[in-house]
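Inspection log for the structure reproduced underneath, given as structure tokens.
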Amino acid sequence: MMVFKSLAEALRAGYQVYDRTADGYVVRTRTSAGWAMALVCYR
């Protein structure tokens with residue numbers, strides 16, 4: 001699973017915010033195979 005260190009980095013990579021977590025966000029992007037999920041962790 002991909003992990004980003006900042007929300008800006010994830011957004012630049014084409015992801016959108018899906019949910020908030022205690023440590024950051026769950027983000028997702030649409031691919032030809034479906035949704036790709038990743039994490040944004042601030043710790």
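Starting from 1, each residue takes its place in the sequence as its number.
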Notebook entry, point to check: L7 versus Y25: any side-chain heavy-atom pair under 4.5 Å?
Noted result: yes
Check: For M2, does the CE atom have more than 12 heavy-atom neighbours from other residues, nucleotides or ligands under 6.0 Å away?
Finding: no
Check: Does V17 share a hydrophobic cluster with V26, counting links as ILVMFWY side-chain heavy atoms below 4.5 Å and allowing steps through other members?
Finding: no
Notebook entry, point to check: Side chains of Q16 and V27: does their closest heavy-atom pair fall under 4.5 Å?
Noted result: no
Next item on the list: Looking only at non-hydrogen atoms, find the nearest pair between K5 and E9 and report the distance.
Entry: N-OE1, 3.4 Å
Checklist line | Check: T29 side chain, G14 main-chain N or O, donor-acceptor pair, under 3.5 Å | finding: yes
Checklist line | Atom OH of Y18 with >12 non-hydrogen neighbours under 6.0 angstrom | finding: no
Check: Which atoms form the tightest heavy-atom contact between M37 and R28, and what is the distance?
Finding: SD-CB, 3.5 Å
Check: Can the ring centres of F4 and Y15 be said to be less than 6.0 Å apart?
Finding: yes
Next item on the list: Provide the closest heavy-atom pair for A36 versus T31 in the form atom of the first, atom of the second, distance.
Entry: CB-CG2, 3.8 Å
